[in-house]
Amino acid sequence: MNIARAVATRSTCPRKYVGAVIVKDKNILSTGYNGSVRGMPHCTDIGCDLENDHCVATVHAEANAIIQAARNGVGINGADIYVTASPCWNCFKLIANSGIKRIFYGEFYRDERIFKVARETGIELISLENAGGLEEE
């Protein structure tokens, strides 16, 4: 989780700094942070594009980590993901369909639906919100 926190410092949307690390067999496969669409200006440069109090200019950290793995031809089926905040509904669906089996998250962020669907699909959701100190990954 400490690596996910470090990755989050690269986020380019000041609304929320989120980092994600995909890991399998104790090897880092991919990382991602929330930021603008590739080639577009960053929120830190031009401001956020808000709809219903959410910035819609950014791609979320989890999605970017999955995309980065795909761009590099890295298989993530059966991997774990460490995210500084629990995934939103859309990112949870991407994670589920990518084959990731466990989601470790720092703080809970907004969407309760992920818990029900995680139980139904056999995906483990593990909160590290109250785990102090250094985590293994």
Spacing of CG belonging to Leu128 relative to CD belonging to Glu107, to within rounding of 0.5 Å: 12.5 Å

Which pairs with one or both residues in residues 61-86 pass salt bridge (Lys or Arg N to Asp or Glu O under 4.0 Å), sequence neighbours excluded? Asp80-Arg102

Listed partners of Phe104 passing ring pair (Phe, Tyr, Trp, His ring centres under 6.0 Å), at least two apart: Tyr82

Can you list the residues that meet the salt bridge (charged side-chain N to carboxylate O under 4.0 Å, His left out) rule with Asp53, with sequence neighbours excluded? Arg15

Grab the two heavy atoms, one from Cys88 and one from Ile114, that are nearest each other, plus how far apart they are. O-CG2, 4.3 Å

Would you call Leu125 and Ser86 a side-chain contact if the rule is heavy atoms closer than 4.5 Å? no

Tyr105 and Ile126: CA distance, side-chain angles, deciding distance, side chain to side chain contact (heavy atoms under 4.5 Å, CB included) verdict: CA-CA 6 Å; Tyr105 64 93; Ile126 301 156; 5.9 Å; no

Over all heavy atoms of both residues, which pair between Thr9 and Ala6 is shortest? Give the atoms and the distance, please. OG1-O, 2.6 Å

Taking the side chain as C-beta and beyond, is there a heavy-atom pair between Thr44 and Cys13 under 4.5 Å? no

Is there a path of hydrophobic side-chain contacts, each under 4.5 Å between heavy atoms of I, L, V, M, F, W or Y residues, that connects Tyr109 with Val83? no

Aromatic contact, Phe108 with Phe115 (centres under 6.0 Å): yes

According to salt bridge (charged side-chain N to carboxylate O under 4.0 Å, His left out), who are the partners of Arg113, at least two apart in sequence or on a separate chain? Asp111

Side chains of Lys16 and His60, heavy atoms from C-beta outward: is any pair under 4.5 Å? no

Contacts of Glu51 meeting salt bridge (charged side-chain N to carboxylate O under 4.0 Å, His left out) (sequence neighbours excluded), chain-then-number -> none

Whether Thr84 side chain and Gly19 backbone form a donor-acceptor pair below 3.5 Å: yes

Got a second to check how far Ile95's CD1 is from Lys93's NZ, nearest 0.5 Å? 12.0 Å

Can any side-chain N or O of Asp45 pair as donor or acceptor with the backbone N or O of Cys43 at less than 3.5 Å? no

I need the Ile76 CD1 to Ile22 CD1 distance, nearest 0.5 Å. 4.0 Å

d(Cys91 SG, Ile81 CD1) to nearest 0.5 Å is 8.5 Å

Could you go through the side chain to side chain contact (heavy atoms under 4.5 Å, CB included) check for Lys24 and Lys101 one step at a time? CA-CA 10 Å; Lys24 189 171 184 180; Lys101 296 298 180 195; over 6 Å; no

Joint hydrophobic cluster, Tyr17 plus Tyr33, side-chain heavy atoms closer than 4.5 Å: no

When you compare the side chain of Val117 with that of Trp89, does any pair of heavy atoms fall below 4.5 Å? yes

Side-chain donor-acceptor pair present, Asn34, Ser11, cut-off under 3.5 Å: yes

How long is the span from the CZ atom in Arg119 to the CD atom in Glu124, to the nearest 0.5 Å? 13.5 Å

May I ask you to test the Pro87-Ile103 pair for a side-chain heavy-atom distance under 4.5 Å? yes

Check for me, please, whether Leu94 and Ile123 land in the same ILVMFWY cluster - side-chain distances under 4.5 Å, paths through other members count. yes

Minimum heavy-atom separation for Leu29 to Ala79, with atom names? CD1-CB, 4.2 Å

Just do the side chain to side chain contact (heavy atoms under 4.5 Å, CB included) check on Val56 and Leu50 with the steps written out, would you? CA-CA 6 Å; Val56 295; Leu50 297 179; over 6 Å; no

Do the side chains of Ile28 and Val7 join up, straight or via other hydrophobic residues, at under 4.5 Å, putting them in one cluster? yes

Can you sort out the partners of Arg10 under salt bridge (charged side-chain N to carboxylate O under 4.0 Å, His left out), two or more places apart, ordered by chain and number? none

Whether Ser30 side chain and Gln68 backbone form a donor-acceptor pair below 3.5 Å: no

Pairwise distance CD1(Ile67) to CG(Asn72) - rounded to 0.5 angstrom: 12.0 Å

